[in-house]
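Quick note on labels: first sequence line is chain A, next is B, and so on, each numbered from 1. Model, not experiment: these values are computed from the prediction.
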2 protein chains.
Amino acid sequence: MPQNIEDIAKAAGVSRSTVSRVLNGEQYVSAATRERVMAIIEREGYTPNPAARALVTQRTQSVGVMIPHDLATVFDNPWYFPTLLQGVSDRTTQRGYAMLLWMGRSETEEDLIYRRITNNRLMDGMLVASATGDNPLVAHLLESGMPLVTVERPAAHADRISYVTLDNIEGARTATAHLIAQGRRRVGIITGALDNMDGLDRLVGYKKALADAGLPVQSDYVYTGNWDRPTGYLGAKALFERGADAIFASNDIMALGVLDAAAEVGLRIPHDVALVGFDDLPVTAEVGLTTIRQPLRQKGAAAIDLLLDLIEGRARGPQQIFLPTQLVIRQTCGAQPN
Amino acid sequence: MPQNIEDIAKAAGVSRSTVSRVLNGEQYVSAATRERVMAIIEREGYTPNPAARALVTQRTQSVGVMIPHDLATVFDNPWYFPTLLQGVSDRTTQRGYAMLLWMGRSETEEDLIYRRITNNRLMDGMLVASATGDNPLVAHLLESGMPLVTVERPAAHADRISYVTLDNIEGARTATAHLIAQGRRRVGIITGALDNMDGLDRLVGYKKALADAGLPVQSDYVYTGNWDRPTGYLGAKALFERGADAIFASNDIMALGVLDAAAEVGLRIPHDVALVGFDDLPVTAEVGLTTIRQPLRQKGAAAIDLLLDLIEGRARGPQQIFLPTQLVIRQTCGAQPN
DNA sequence: GTAGGGGCTGGGAGCGTTCCCAGATACCAC
DNA sequence: GTGGTATCTGGGAACGCTCCCAGCCCCTAC
């Protein structure tokens with residue numbers, strides 16, 4: 001059934017233009033006509049051809065999303081990507097857009113993907129998740145003038161790019177302050193990788209909490225980790241030796257490593273050492289880990305909201321959004337959950 | 001820079017048609033002309049407008065993918081969705097297509113998504129992952145005549161739909177036969193939910209292995225589970241009582257439940273009871289579970305290959321593909337890994 | 001009565017491609 | 001020389017929309 005707007009017009013006894021006006025909810029159509037046209041559209045199950053529409057409006061009503069390879073398949077935190085994407089997808093659908101997804105393959109083939117993305121002009125804007133380092137795609141898109149939002153703060157051009165990220169500093173400050181509030185005074189930190197804003201900001205938050213409490217930052221209480229369980233384990237061993245009575249692990253995975261080390265050495269948590277993590281992975285509820293929850297789904301939704309606002313001209317970039325985190329009190333910090 | 005094919009034609013001193021022929025790699029263009037046009041295209045960084053192309057060719061070079069809500073966020077097996085999607089994405093990009101992704105939200109709003117999908121004609125075909133029950137979207141698409149492939153065998157219209165799934169029967173048969181080969185004679189099964197082809201087929205494979213070995217199927221060795229850890233635990237308790245010396249758990253999650261039960265009751269695995277699971281979740285390597293590995297990434301790639309072949313007319317549907325599984329021998333079966 | 005303006009409608013033009021057909025040229029066989 | 005065929009090229013038409021402009025009608029104000 002080769003249905004086009006002209007067929008509908010004929011069936012309704014009106015012109016192409018009128019049907020178009022009804023379709024797009026424009027004014028200057030009499031109520032009677034509008035109703036009649038709507039009825040025909042409904043009856044025929046007609047939907048306008050999006051390609052034709054895109055050709056003239058220069059808008060496709062869809063957005064592109066790029067997920068780097070390591071994010072999608074990372075073993076440690078398999079929840080991250082689906083949950084984020086769910087938030088993205090929900091909001092995209094809600095606001096009447098479709099989502100084009102690219103997932104990075106091997107790094108060597110990322111170039112191909114980048115070219116595909118920039119050549120495919122079937123999208124009105126682009127969301128890039130966790131662009132690490134000096135991502136060439138981000139640079140490209142930035143230059144092309146296409147509306148662009150990244151999830152997490154990009155390493156380069158951060159002031160010229162719109163992004164959505166966590167308030168990492170405040171989250172880490174809260175975690176550390178909570179440990180101090182439990183009476184701990186020798187609070188150590190196992191940082192994430194420090195080539196990365198998340199890692200750096202969480203360290204800043206830690207230091208801030210100490211400063212707020214009038215405690216000095218002791219360099220031997222700062223252990224540089226790498227987000228993974230082994231560095232959590234090693235960091236804990238080191239901090240135990242140096243007499244720490246509390247540890248803020250910059251993510252939950254490393255916090256699990258801390259638990260490993262404590263079990264091995266025979267230290268009791270939270271009695272001997274209190275512990276707070278970061279991320280609120282599902283698995284941490286099982287082990288009673290006190291942690292900082294990040295609103296993953298909202299992060300995706302907020303990023304899409306920003307991108308669509310940029311596309312629709314409701315917002316002007318660059319714009320940065322820092323989402324609040326939440327302290328989730330369980331057993332490892334030694335506080336009574338209230 | 002409003003670049004269109006006409007601009008390129010003018011710059012190269014040829015006609016629109018010739019540029020189009022070069023762009024599409026058609027014959028009947030002299031080598032000299034082709035080279036000259038290519039050079040201009042390269043220099044100007046020109047790429048044809050996909051909307052205009054789609055308008056006339058009725059092809060968008062993109063495919064839609066629908067992931068139901070519960071699959072994306074399912075707690076038990078968070079690897080499933082990203083890994084499958086990675087396979088889908090890889091192959092899609094490789095073959096020069098883009099991917100439109102929809103993720104189911106709450107079931108109540110699935111209707112909205114379905115309408116969005118069927119209205120959005122910006123795709124040449126549709127991949128539906130794990131359509132459970134009598135999925136209305138599948139029925140819709142089937143009726144619309146749009147090329148359609150599902151991952152996993154659909155519950156309804158299975159003979160009219162192209163799909164890619166595991167060879168569940170053979171996988172389960174292999175698992176069970178392996179237990180028998182270890183000298184076990186009282187082999188029980190904890191099935192998955194039996195409203196579902198995966199669950200049913202794995203039971204069939206189990207029975208087949210018994211028959212092959214000349215062993216009777218005893219109904220009290222068949223425990224109907226529900227894919228989750230608690231039913232694995234309960235099933236194991238029941239089978240232990242009935243004297244089973246081996247258990248085939250229809251998925252790894254339930255196998256973990258079996259380990260829970262064994263630890264509680266004080267049975268040694270594999271000494272007292274041998275155990276084989278199904279899926280090869282990453283976590284199972286840690287606990288030494290012998291299991292059946294399913295090629296998740298290949299599943300996604302195979303589904304896309306089938307879909308694109310259908311779209312491009314290289315294949316004729318409906319077509320069913322059963323992917324082979326692989327026995328991964330670890331500790332819980334009692335065999336020596338070789 | 002006439003001018004002016006707002007509500008409503010219709011149709012031409014154009015978006016950037018591909019497809020089809022016509023035409024030009026060159027070559028070959030008879 | 002002629003007819004036939006293969007190679008190469010150009011331009012009209014069409015894909016299905018939106019946008020713009022013109023025109024109609026009716027109401028109101030002067």
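- Aromatic ring pairs are classed by plane angle as parallel below 30°, tilted from 30° to 60° and perpendicular above 60°; the pair F322(A) and Y163(A) is perpendicular.
- Between the R121(A) side chain and the T47(B) main chain, a donor and an acceptor come within less than 3.5 Å of each other.
- Closest contact between the side chain of V29(A) and the listed nucleotides dT9(C), dT18(D), dG16(C) involves dT9(C).
- Whole-Å rounding puts the Q58(A) CD to dG16(D) P distance at 19 Å.
- For the pairing with Y97(B), the side-chain contact (heavy atoms from CB on, under 4.5 Å) check across T60(B), I304(B), L308(B) returns one residue only, L308(B).
- For the segment residues 30-43 of chain B, no residue has any heavy atom less than 4.0 angstrom from an atom of DNA chain C.
- Put simply, the side chain of S62(A) never gets that close to the backbone of M123(A): no donor and acceptor are under 3.5 Å apart.
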Any protein N or O atoms within reach of nucleotides 10-13 of chain D? Criterion: under 3.5 Å, listing atom names and distances.
unit_1, atom_1, unit_2, atom_2, d
dG10(D), OP2, S15(B), N, 2.8
dG10(D), OP2, S15(B), OG, 3.3
dG10(D), OP2, T18(B), OG1, 3.0
dG10(D), N7, R21(B), NH2, 3.0
dG11(D), N7, S17(B), OG, 2.8
dG11(D), O6, S17(B), OG, 2.4
dG12(D), N7, R16(B), NH2, 3.1
dG12(D), O6, R16(B), NH1, 2.8
dA13(D), N6, R16(B), NH1, 3.0

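- Q3(A) places its CD atom 16 Å from the C1' atom of dC15(D), with the value rounded to the nearest Å.
- When the C1' atoms of four end pairs are superposed on the next four at each end of the helix from dG1(C)-dC30(D) to dC30(C)-dG1(D), using five pairs per end, the two resulting axes differ in direction by 50°, to 10°.
- Remark: side-chain polar atoms of N4(B) are paired, donor with acceptor, to backbone N or O of E6(B) under 3.5 angstrom.
- Judged by distance alone, the side chains of D90(A) and Q86(A) do bring a donor and an acceptor atom under 3.5 Å apart.
- A search for side chain to side chain donor-acceptor pair (under 3.5 Å) contacts involving Q61(A) returns nothing, not counting sequence neighbours.
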Can you give me the N/O atom pairs linking the protein to nucleotides 26-28 of chain C at distances under 3.5 Å, or say none if there are none?
none

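- Rounded to an integer number of Å, the gap from Q61(B) CD to dT17(C) C1' is 14 Å.
- Distances were taken from every side-chain heavy atom of L55(A) (C-beta onward) to each of dT18(D), dG16(D), dT17(C); the shortest belongs to dG16(D).
- Between D167(A) and P324(A) there is no side-chain heavy-atom pair separated by less than 4.5 Å.
- The pair D305(A)-R314(A) fails the salt-bridge criterion, with no side-chain N (NZ, NE, NH1 or NH2) lying under 4.0 Å from an Asp/Glu carboxylate O.
- The phosphate of dG16(D) has neither OP1 nor OP2 within less than 4.0 Å of any side-chain N or O from N49(A).
- A straight line from CD1 of I8(A) to C1' of dG10(C) spans 18 Å, rounded to a whole angstrom.
- At least one donor-acceptor pair under 3.5 Å links the side chain of T83(A) to the backbone N or O of W79(A).
- Partner T165(B) forms a side-chain hydrogen bond (donor to acceptor under 3.5 Å, both in side chains) with one of E152(B), Q320(B), Q294(B), R153(B) and no other, that one being E152(B).
- In this entry the distance linking CG of N4(B) with P of dG16(C) reads 5 Å, nearest Å.
- The separation between L23(A) atom CG and dC19(D) atom P is 12 Å, rounded to whole Å.
- Look at CD on E26(B): it is 7 Å from P on dC19(C), rounded to the nearest Å.
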*Can R59(A) and E312(A) be said to form a salt bridge (charged side-chain N to carboxylate O under 4.0 Å, His left out), step by step?*
CA-CA 10 Å; R59(A) 287 289 224 60; E312(A) 293 172 358; 6.0 Å; no

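- Not one side-chain nitrogen or oxygen of Y28(A) sits closer than 4.0 Å to the OP1 or OP2 atom of dC19(D).
- The backbone N or O of V14(B) sits nowhere less than 3.5 Å from a side-chain atom of T18(B) that would complete a donor-acceptor pair.
- Distance, L122(B) CG to dC17(D) P: 13 Å, rounded to whole Å.
- Applying the side chain to side chain donor-acceptor pair (under 3.5 Å) test to residues at least two apart or on different chains, the pairs with a partner in residues 30-41 of chain B are S30(B)-T33(B).
- Side-chain proximity of Y46(A) to the nucleotides dT18(C), dC17(D), dT18(D) is greatest for dC17(D).
- Distances shorter than 4.0 Å separate none of the side-chain N or O atoms of S20(B) from OP1 or OP2 on dT17(C).
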